[in-house]
Amino acid sequence: MPPPKNKIPPPKGTRDMYPLEAARRRWLSERWRKVAIRHGFEEVDGPTFETTDLYAVKSGEGILGELFQSFSGKDPKDIERIRAGEAAPFAMRPEFTPSLARMYAERARSLPSPCKWFQIGPFFRAERPQRGRLREFLQWNVDVLGLDIPAEKWNAEDAEGRAEVAEAKARMDAEIIHCVIDFLQACGFDEASLKVRVSDRELVADLISKSMAAVDPTLLQQVFELLDKRTKLSSDKFLMDAQQIGFDVEAFDGAVSQVQADSSSTPLRVLRELSVHSAFNSWVAFDPTIVRGLAYYTGTVFEVIADGERAVAGGGRYDNLIELFGGQPTPAVGFAMGDVVISLLLQDKGLMPSDAELMQEIGARPDVFVIAPSDDLDPIAIRLLATLRREGLHARRSYKTTRNVGKLLKEASQQHARLAIIIESADQATIRNLDAADQQSVQLTSDDAPFDMLLEAAGELLRA
RNA sequence: GUGGCCGUAGCUCAGUUGGUUAGAGCACCUGGUUGUGGUCCAGGAUGUCGCGGGUUCGAAUCCCGUCGGUCACCCCA
């Protein structure tokens, strides 16, 4: 193929990742992974593209419009269908939940209960990009499927059984929220910069029904939609819209504050459960305007919010989704966090680690930088590099022509190397700790074991 | 997808009412200087002024289109 005449930029809403950006992304996903693992979640993954039907199972219209559709191009029928305005057979995954639900339903009988899974990978949405919203992004999904009580009890009908289930759900919800907060804390955020707003659709639906003459499911949806917009609308507009659908705002607000004021029972079970974990109360608050889309949440819903940015993470309980994908009715709860908003926030708050810390954490920091101050020492340097690398160390050298030791040390520190080894002669070297700025002279070779003394000294410094 | 704003070197920007070979700082490269770390000195390379078209003797500058970014709507699965 001839070289393209015009530059071809990356597609809208995608990113080219140069070493620094790639290192940051890896650092973030390592953090995600580390936190999820220490909370007892196991990593899973699915295909990055799925059958389009998978996303049509729940909802339908709105979601399909934001899918990146795809097809192999090998089947003429596909092209005909697409020409006719039908959906392509495949779609780049816009979320993980349907894949997760399918995977769980497929093997539910042999999986532990509760089943705690997390996933990290790229997702795609054909939305118009904005700050904090791209068309390709990395997402961390964490879910708890099932409960910590026997499956026979999950669908109990009697009052006592239902109470037991509600308690179990609250415990799982709390585990999910605890996991997010732990991650945020590990990144250096505190409750002043981020808040977790929690609501419960069942509870709010209950409060709504007390604020309206008659409630049917459609009307309930409308009220949820309106509540979702409450912080965005002017209060006049909000009140007008509420009146139009017969929603008594005053009564609703009264019911909310009454519930909040009742010190004998926290409004949300999940908040009560969360306080058992430890002192996370300051992070979380009940907020009835948190609705989280309208697709499939059934109980607890929550969002991590920072002012000035869009939501950092969000999730909730989706108790009827697994059966939609062919499984037994299974209570489930989870959340997702994208890399875009959290990265912006880390930058804004100065919490993004320095390049050296970043490289250290992802294991990309050079252990040793070898300096040969004259041409005749080059062969020794090359041999030393080979030896260091065979020992499993990350060893580098300069590719510049200069022999100026000062400049080469500068290069070593720019690359954040931990040690510099300056070859002085055929049998003498200086090993310098670049962090501590101190150095020692070491014998380079001995008769029977070349580099042994040096390796030992370097190993000692690196372990420190 | 709809509407508003923006687009000059890798980055942050300057560029006089349209006027000749488009600039600075940082970063990068080379040489020198103290054989010991973001120093100092000297030098260097880099832009199809986002792209395409139009107006004009002449366009980074004015007009149209397009691409990209950004803000609002939307969405937040």
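Labels below follow one simple rule: chain letters A, B, ... track the order of the sequence lines, proteins then strands, and each chain is numbered from 1.
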Notebook entry, point to check: For the side chain of A:Arg432 and the base of B:U36, is some donor closer than 3.5 Å to an acceptor across the two?
Noted result: yes
Next item on the list: Just compare B:G69, B:G37, B:G35 and give me whichever is closest to any side-chain atom of A:Glu424.
Entry: B:G35
Next item on the list: Find which nucleotide of RNA chain B each of A:Asn433 and A:Pro10 is nearest to by heavy atoms, and output the residue with the more 5' nucleotide.
Entry: A:Asn433
Check: P atom, B:G32 versus B:U70: distance in rounded Å?
Finding: 46 Å
Note to self: In whole Å, I'd like the distance from the OH atom of A:Tyr399 to the P atom of B:C28.
What the structure shows: 18 Å
Note to self: Mind checking if A:Arg128 touches a base, just sugar-phosphate, or nothing, with heavy atoms under 4.0 Å?
What the structure shows: base
Notebook entry, point to check: What's the CG-P distance between A:Asn404 and B:G32, to the nearest Å?
Noted result: 9 Å
Check: Is the distance from OP1 or OP2 of B:A72 to the nearest side-chain N or O of A:Gln130 less than 4.0 Å?
Finding: yes
Notebook entry, point to check: Rounded to the Å, how far apart are A:Phe124 CZ and B:C75 C1'?
Noted result: 19 Å
Next item on the list: Using the C1' atom as the reference point in each nucleotide, state the distance between B:C6 and B:U61 in Å, no decimals.
Entry: 16 Å
Note to self: Could you check whether the side chain of A:Lys407 and the base of B:G32 have a donor-acceptor pair of N or O atoms closer than 3.5 Å, going by distance alone?
What the structure shows: yes
Check: With a 6.0 Å cut-off on ring centres, are A:Phe90 and A:Phe49 close enough?
Finding: yes
Item checked: Stems where RNA chain B pairs, listed by first number, each of three or more Watson-Crick or G-U pairs under 3.5 Å -> B:1-7 with B:67-73, B:10-13 with B:23-26, B:28-32 with B:40-44, B:50-54 with B:62-66
Notebook entry, point to check: Looking at the side chain of A:Pro373, which of B:U36, B:G35, B:U33 is the nearest nucleotide?
Noted result: B:G35
Check: If you check every side-chain atom of A:Gln414, which of B:G38, B:U70, B:C73 has the closest atom?
Finding: B:G38
Item checked: Nearest-angstrom distance, P atom, B:G7 to B:A14 -> 9 Å
Check: Are any of the side-chain heavy atoms of A:Leu409 and A:Ile371 separated by less than 4.5 Å?
Finding: yes
Margin query: Considering every strand and a 4.0 Å limit on heavy-atom distances, what is the contact class for A:Ile422: base, sugar-phosphate, or nothing?
Written below: base
Next item on the list: Have a look at A:Met359 and tell me which of A:His416, A:Arg26, A:Gln415 forms a side chain to side chain contact (heavy atoms under 4.5 Å, CB included) with it.
Entry: A:His416
Margin query: Please classify the nucleic acid contact of A:Glu411 as base, sugar-phosphate, or nothing, using heavy-atom distances under 4.0 Å.
Written below: nothing
Next item on the list: Determine the Euclidean distance between corresponding C1' atoms of B:A27 and B:C13; express it in Å to zero decimal places.
Entry: 15 Å
Next item on the list: Calculate the interatomic distance between A:Leu408 atom CG and B:U36 atom C1'; express it in whole Å.
Entry: 11 Å
Next item on the list: Tell me which nucleotide among B:G31, B:C75, B:G37 gets nearest to the side chain of A:Thr401.
Entry: B:G31
Notebook entry, point to check: Are A:Phe183 and A:Trp140 near enough that their ring centres are under 6.0 Å apart?
Noted result: yes
Notebook entry, point to check: Side chain of A:Arg403, backbone of A:Ala372: donor and acceptor closer than 3.5 Å?
Noted result: yes
Note to self: Of the listed nucleotides (B:G37, B:C74, B:G38), which one gets closest to any side-chain atom of A:Arg133?
What the structure shows: B:C74
Notebook entry, point to check: Given the C1' atoms of B:U8 and B:G25, what is the spacing between them in whole Å?
Noted result: 15 Å
Next item on the list: Between A:Arg131 and A:Glu303, just flag the one whose closest nucleotide in RNA chain B comes earlier from the 5' side.
Entry: A:Arg131
Note to self: Distance check, P atoms only: B:C40 and B:G58, in whole angstrom units.
What the structure shows: 48 Å
Item checked: Proximal nucleotide (of B:G35, B:G38, B:C74) relative to the A:Lys410 side chain -> B:G38
Checklist line | Chi angles and distances behind the side chain to side chain donor-acceptor pair (under 3.5 Å) call for A:Asp173, A:Thr300 | finding: CA-CA 7 Å; A:Asp173 296 353; A:Thr300 299; 2.7 Å; yes
Check: Are A:Leu147 and A:Ser113 side-chain neighbours, meaning at least one heavy-atom pair lies under 4.5 Å?
Finding: no
Notebook entry, point to check: Heavy atoms under 4.0 Å, any strand shown: does A:Asn141 hit a base, just sugar-phosphate, or nothing?
Noted result: nothing
Item checked: Residues A:Glu357, A:Arg365: salt bridge by 4.0 Å N-O rule -> no
Note to self: What's the gap between B:C75 and B:G1 when it is taken at their C1' atoms, as a whole Å value?
What the structure shows: 11 Å
Next item on the list: Name the closest nucleotide to the A:Lys232 side chain, picking from B:C73, B:U36, B:G37.
Entry: B:C73
Notebook entry, point to check: Can you check the A:Leu67 CG to B:C76 C1' distance for me, whole Å?
Noted result: 14 Å
Next item on the list: Give a yes/no on whether any side-chain N or O of A:Lys400 is located under 4.0 angstrom from OP1 or OP2 of B:C29.
Entry: yes
Note to self: Please report the distance, rounded to the nearest Å, between CZ in A:Arg403 and C1' in B:G32.
What the structure shows: 17 Å
Next item on the list: Kindly point out which of B:G35, B:C76, B:G37 is positioned nearest to the side chain of A:Arg125?
Entry: B:C76
Next item on the list: Using the C1' atoms only, state how far B:C62 lies from B:U56, rounded to an integer number of Å.
Entry: 10 Å
Margin query: Tell me the interatomic distance from A:Tyr296, atom OH, to B:C75, atom C1', rounded to whole angstroms.
Written below: 14 Å
Check: Nearest to the side chain of A:Val405 - B:G69, B:G35, B:G32?
Finding: B:G35
Next item on the list: Calculate the interatomic distance between A:Asp438 atom CG and B:G37 atom P; express it in whole Å.
Entry: 14 Å
Margin query: For A:Tyr318, run the side chain to side chain donor-acceptor pair (under 3.5 Å) check against A:Thr97, A:Thr298, A:Asp143 and tell me which one passes.
Written below: A:Asp143
Check: Heavy atoms under 4.0 Å, any strand shown: does A:Gly13 hit a base, just sugar-phosphate, or nothing?
Finding: sugar-phosphate
Notebook entry, point to check: Quick check: does any side chain N or O of A:Thr51 sit under 3.5 Å from a backbone N or O of A:Leu54, one acting as donor and the other as acceptor?
Noted result: no
Note to self: Just to be sure I understand the rule, does A:Ala437 reach a base, reach only the sugar-phosphate, or reach nothing, if contact means heavy atoms closer than 4.0 Å?
What the structure shows: base
